[in-house]
Amino acid sequence: MRLQILINFMLSRKVILTGSFGVGKTSLFSRFINNTFSDRYITTIGVKVDKKSLEIDGQEISILLWDIAGEVTQNKVPNSYFLGASAIIYVFDLTRPSTYKNIKLDIDYLNKMLPNITILIVGNKKDLLDQEKIKTIGEDLGYPIDLYTSAKTGENVENLFETIGRGFIE
Amino acid sequence: MSKVRQTITLDQRGYLLTSCDSLFPTEKFLNKDLKEFFPFLESVFVDLIQTLETGRIIQFPKVETKHIFLPGFYDYSFRLIRIRNEEIGLQWDVVDATNEYTDLQTEQQSAHEKEL
């Protein structure tokens with residue numbers, strides 16, 4: 001019976017959006033799930049879950065996306081939220097240094113709690129800065145950034161989830 | 001004021017067995033795979049069945065849902081149970097905390113807007 005369950009769910013993967021508040025996690029969630037965007041900020045207080053299917057190299061993958069309330073540090077997120085996660089997208093706001101000042105501590109914490117899990121670090125709101133400024137932030141951060149996105153324009157959002165999905169089938 | 005709680009039991013495939021229907025009717029889900037209707041459940045079900053220790057309760061607070069039949073904020077909790085023929089199943093408790101968390105959301109919204 002357990003084997004049958006595993007087979008049925010082989011192509012569904014839980015992915016978590018996390019990071020500080022106001023960085024655009026819910027906007028990335030809405031852009032990916034519904035291809036919508038709103039300028040109005042509405043705080044998330046717990047978790048929202050939805051899903052969307054992607055086709056990558058002929059393989060269909062169901063992304064079960066968890067949009068978690070922003071916390072200043074990751075150790076404030078309930079541990080249960082991470083159960084069964086296959087990947088984490090750690091989002092920060094390129095325009096607010098306070099959202100990436102704890103990046104090393106947060107990633108260390110997530111790596112320790114969820115060893116062997118894929119963590120992607122994403123700088124969001126790239127539409128608000130020029131390329132030179134984004135490059136400087138990346139260099140100053142001293143931490144590898146996987147992608148720069150804009151939930152507002154949609155830039156790199158599809159790419160982000162395709163990158164994650166590709167990791168699941170490789 | 002006590003909160004309304006709905007207790008649901010599922011077999012190890014995720015099929016609905018029983019429900020007290022305190023919050024939403026489940027007649028249309030009877031003998032169906034609930035994971036197909038609840039992405040939340042789909043994303044944790046296998047891990048709950050495979051890793052949850054008997055007697056242990058795992059809680060997921062502040063789950064926001066947009067289901068037509070269940071809009072609002074809820075606290076979820078799960079525990080393994082024994083069902084027919086000693087088979088393992090899952091008990092899922094859904095507690096309506098919409099009023100409490102709507103107030104919390106208003107407070108948090110205000111605090112965050114000051115910082116943004």
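Below, chain A is the first sequence line, B the second, and so on; all start at residue 1. Just so it is clear, the model here is predicted, and its values are computed rather than measured.
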Self-check item: Heavy-atom check, side chain of A:Leu64 versus side chain of B:Val44, under 4.5 Å
Solution: no
Quiz item: Which heavy-atom pair separates B:Lys62 from A:Ile45 by the least distance, and what is that distance?
Solution: CD-O, 3.1 Å
Quiz prompt | Rounded distance (nearest 0.5 Å) linking atom CD of B:Glu42 with atom NZ of A:Lys14 | solution = 12.0 Å
Quiz item: Distance from B:Lys35 atom NZ to A:Ser12 atom OG, nearest 0.5 Å?
Solution: 9.5 Å
Quiz item: Does A:Ile103 share a hydrophobic cluster with A:Ile68, counting links as ILVMFWY side-chain heavy atoms below 4.5 Å and allowing steps through other members?
Solution: yes
Quiz item: Once you round to the nearest 0.5 Å, how far does OG of A:Ser20 lie from CD of B:Glu115?
Solution: 8.0 Å
Quiz item: Linking I/L/V/M/F/W/Y whenever any side-chain heavy atoms sit under 4.5 Å apart, do A:Phe92 and A:Phe29 land together?
Solution: no
Quiz item: Under a 4.5 Å side-chain heavy-atom rule over Ile, Leu, Val, Met, Phe, Trp and Tyr, are B:Tyr74 and B:Val4 clustered together?
Solution: yes
Quiz item: Same cluster for B:Ile8 and B:Leu70 if Ile/Leu/Val/Met/Phe/Trp/Tyr side chains link at under 4.5 Å?
Solution: yes
Quiz item: Does atom CD of A:Glu55 have more than 12 heavy-atom neighbours, drawn from other residues, nucleotides or ligands, at distances under 6.0 Å?
Solution: yes
Quiz item: Are the side chains of A:Phe21 and B:Leu116 in touch, meaning some heavy atoms are under 4.5 Å apart?
Solution: yes
Quiz item: Does any heavy atom of chain A fall under 4.5 Å from the side chain of B:Phe73, the backbone, both, or neither of them?
Solution: side chain
Exercise. Answer yes or no: are there more than 12 heavy-atom neighbours, outside B:Glu53 itself, under 6.0 Å from its atom CD?
Key: no
Practice problem: Could you grab the distance from atom CD1 of B:Ile58 to atom CG of A:Leu83, nearest 0.5 Å is fine? | Solution: 5.0 Å
Quiz prompt | Heavy-atom donor-acceptor pair, B:Gln109 side chain to A:Thr43 backbone, under 3.5 Å | solution = yes
Quiz item: Under a 4.5 Å cut-off applied to non-hydrogen side-chain atoms, are B:Phe40 and A:Lys51 in contact?
Solution: no
Quiz item: Top residue by heavy-atom pair count (under 4.5 Å) with chain B, among A:Thr44, A:Asp50, A:Ile42, A:Asn79?
Solution: A:Ile42
Quiz item: If you round to the nearest 0.5 Å, how far is OG of B:Ser43 from CD1 of A:Ile63?
Solution: 12.0 Å
Quiz item: In terms of hydrophobic clustering (I, L, V, M, F, W, Y; side-chain heavy atoms under 4.5 Å; direct or indirect links), are A:Tyr81 and A:Leu28 co-clustered?
Solution: no
Quiz item: How far does OH of B:Tyr76 sit from OG of A:Ser80, to the nearest 0.5 angstrom?
Solution: 12.5 Å
Practice problem: Would you name the heavy atoms of B:His112 and A:Tyr41 that are closest together and state the gap between them? | Solution: ND1-OH, 2.8 Å
